[in-house]
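Everything below concerns the one structure shown next.
Each ligand, and each atom within it, is numbered from 1 in the order the structure gives. All residue numbers in this chain count up from 1 along the given sequence.
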Amino acid sequence: MIMDVGDKTDVVASLILRAERVVALTGAGISTESGIPDFRSPGGIWSRYDPDEFSFQRFLASETTRRKYWEFSRDFYPVVANAKPNAAHLALAELYRLGKLHCVITQNVDGLHQKAGIPEDKVIEIHGTLLFVVCLDCGKRYPRDEIQRRVTRGEIPPRCGACGGILKPATISFGQPMPAREMRLAEEAAASCDLFMVVGTSLVVYPAAALPLLAKRSGARLVIINLTPTAHDNYADVVIHGKASDALQKIITLVKAKMR
Ligand code: APR
C-alpha cells in the first residue's frame with residue numbers, strides 16, 4: 001500500500017505514542033534550514049572541500065593542512081555560531097518536553113539541539129562539537145569563541161597557550177578515533193529503544209550509520225525522515241522523503257492531538 005506523507009506522519013505519531021522509549025539520530029540535514037550547509041547535497045561542504053584533505057592524519061602531519069583547515073573553520077564557525085534552531089529542532093525539543101523522546105544522538109557539531117531546549121545530557125554528540133577547541137597534546141579545552149578571536153586576528157594555526165601544542169576544534173574528523181563514552185551511550189540508547197527515528201542524514205558514515213540497524217536488530221521500529229533516499233531506507237518501517245521541519249511539525253501536532 002502506497003501511503004502519502006499525510007498518512008505516514010499519522011502512522012509515525014501513533015508509533016511515538018505507543019513507544020516506551022523513543023531515540024532520535026540526526027545529521028546535517030536537520031540543520032540546513034538553519035542556514036548550515038550539509039555535506040553531500042549538491043553545493044554541500046564536500047562539493048567545495050576535499051574530505052581527504054581534512055583527514056585527521058593529514059591534520060596531524062602537516063602545518064599547511066592545519067592552516068587550511070583553520071582558515072575553513074574560521075570562516076565556517078560564524079555560520080554555526082549565529083544559526084538558530086529551526087522548526088525541526090524545536091519539534092524534537094517539544095517531543096522531549098512531552099516525555100516522548102528519551103535522547104538525541106547527533107552527528108552534528110552545531111549545538112542546535114541544545115539551543116532548542118534539549119538538556120546537554122540528553123544530546124549525544126558522537127562527532128564532537130564545534131563550540132570547543134582541544135589541545136591534541138595536553139588535552140586542554142578552550143571555548144571556541146576565545147580561539148575564534150585569536151584566529152580572526154591572524155593566529156593561524158593557533159597553538160595551545162599551556163603547552164604550545166596543536167589545537168583542533170573538538171569535532172571528530174575522518175580517521176580520528178570516535179569518542180568512546182558517546183559511542184557507548186549511543187549504542188546503549190539504540191539497543192534499548194523501541195522506536196528509532198532518523199532525521200536528516202544520508203546514513204553513509206559509520207559507525208553512526210550502524211545505529212539504526214542496531215536498533216532494528218534489537219526489536220525497535222525504524223522511522224527515517226530525509227529529503228532524499230538514504231542508504232538504509234529498505235530497513236525502515238516508515239520512510240518520509242521530505243523536509244524535516246515539515247514532517248516533524250506535522251508529527252508533533254498529531255502527537256499532541258492524540259495525547260488530549
Ligand atoms: N530536511 C530533511 N533532510 C534534509 C534536509 C532537510 N531540510 N536538507 C538536507 N537533507 C538531507 C540530504 O538529502 C542528505 O541526505 O540530509 C542528508 C544529509 O546528509 P549528509 O550531507 O551526508 O550529512 P550527514 O549524513 O550528517 O553526514 C554524516 O559525514 O562528513 C561527515 O562528520 C560529517 O557528521 C557528518 C557525517
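Contact atoms of ligand 1 toward Phe174: 30 (O), 31 (C) (distance under 4.0 Å to a heavy atom of the residue). Near Gly27, meaning under 4.0 Å from one of its heavy atoms, ligand 1 places the atoms 26 (O). Close approach of ligand 1 to Gly242 (heavy-atom distance below 4.0 Å) involves ligand atoms 1 (N), 2 (C). If you number the atoms of ligand 1 from 1 as listed, the ones under 4.0 Å from a heavy atom of Glu33 come out as 1 (N), 6 (C), 7 (N). With ligand atoms numbered from 1 in the order given, ligand 1 contributes 12 (C), 13 (O) to contacts under 4.0 Å with heavy atoms of Ser41. Below 4.0 Å from some heavy atom of Gly200 lie the following atoms of ligand 1, by number and element: 3 (N), 16 (O), 17 (C), 18 (C).
Remark: Lys140 qualifies as a cation-pi partner of Tyr142 under the 6.0 Å distance and 45° angle criteria applied to the six-membered ring. In this structure, Arg144 forms no cation-pi arrangement with Phe132, as its terminal cationic atom is not both closer than 6.0 Å to the ring centre and no more than 45° off the ring axis.
Residue Tyr69 forms a side chain to side chain contact (heavy atoms under 4.5 Å, CB included) with just one option from Ser173, Pro157, Ser62, and that option is Ser173.
Checking only distances, Ala28 does come within under 3.5 Å of ligand 1, N or O to N or O. Considering both main-chain and side-chain atoms, Ile225 never comes within under 3.5 Å of ligand 1 through any nitrogen or oxygen pair. Where the criterion is an N or O separation shorter than 3.5 Å, residue side chain and backbone included, Lys243 fails it with respect to ligand 1. Looking at Asn108 next to ligand 1, no N or O pair under 3.5 Å apart turns up. Between Ala244 and ligand 1, at least one pair of N/O atoms sits closer than 3.5 Å.
Of the N and O atoms on the side chains of Arg21 and Ser192, at least one donor lies less than 3.5 Å from an acceptor on the other residue. Between the side chains of Thr26 and Thr106, at least one donor N or O sits under 3.5 Å from an acceptor N or O. Side-chain atoms of His89 and Ser245 form no donor-acceptor pair, as typed in the model, at a separation below 3.5 Å.
At a heavy-atom distance under 4.0 Å, only side-chain atoms of His127, from C-beta outward, approach ligand 1. With a 4.0 Å heavy-atom cut-off, ligand 1 is reached by the side chain of Val205 but not by its N, CA, C or O. In Arg40, the parts holding a heavy atom less than 4.0 Å from any atom of ligand 1 are both the side chain and the backbone. Within the 4.0 Å heavy-atom criterion, the part of Thr32 lying near ligand 1 is the side chain and not the backbone.
The pair Asp137-Lys168 fails the salt-bridge criterion, with no side-chain N (NZ, NE, NH1 or NH2) lying under 4.0 Å from an Asp/Glu carboxylate O. Comment: Glu71 does not engage Arg67 in a salt bridge, judged by the lack of any side-chain N to carboxylate O separation of less than 4.0 angstrom. Ion pairing of Glu63 with Arg66 is present here, as a side-chain N (NZ or NE/NH1/NH2) and a carboxylate O approach within less than 4.0 Å.
Classification of the Trp46-Phe174 ring pair by plane angle, with boundaries at 30° and 60°, yields tilted.
For atom 15 (O) of ligand 1, the nearest non-hydrogen atom from the set Asn226, Val199, Ile126 comes from Asn226.
Across all non-hydrogen atoms, the minimal contact from Ser34 to Ala83 is O-CB, 3.7 Å. Heavy-atom minimum distance, Ala244 versus Ile225: CA-CG2, 4.2 Å.
Ranking protein heavy atoms by distance to atom 19 (O) of ligand 1, first place goes to Ser202 N, 3.3 Å. Summary of contacts: the protein heavy atom closest to atom 35 (C) of ligand 1 is Phe39 CE1, 3.6 Å. Looking only at protein heavy atoms, the nearest one to atom 3 (N) of ligand 1 is Leu227 N, 3.0 Å. The single protein non-hydrogen atom nearest to atom 6 (C) of ligand 1 is Gly29 O, 3.2 Å, given as residue, atom name and distance. The nearest protein atom to atom 25 (O) of ligand 1, hydrogens excluded, is given as Thr201 OG1, 2.6 Å; this is a heavy-atom distance. Of the protein's non-hydrogen atoms, Thr228 OG1, 2.8 Å is the one closest to atom 13 (O) of ligand 1. At the shortest separation from atom 28 (C) of ligand 1 among protein heavy atoms lies Gln107 OE1, 3.3 Å. Taking atom 9 (C) of ligand 1 as the reference point, the nearest protein heavy-atom neighbour is Asp38 OD2, 3.4 Å.
The number of heavy atoms from other shown groups lying within 6.0 Å of CZ (Arg181) does not exceed 12.
In this structure, the side chains of Val198 and Thr230 stay at 4.5 Å or more apart for every pair of heavy atoms.
No heavy atom of Gly44 sits closer than 4.0 Å to any atom of ligand 1. Not a single heavy atom of Ala247 sits closer than 4.0 Å to an atom of ligand 1.
Atom-to-atom distance recorded for Tyr77:OH and Asp110:CG is 11.5 Å, nearest 0.5 angstrom.
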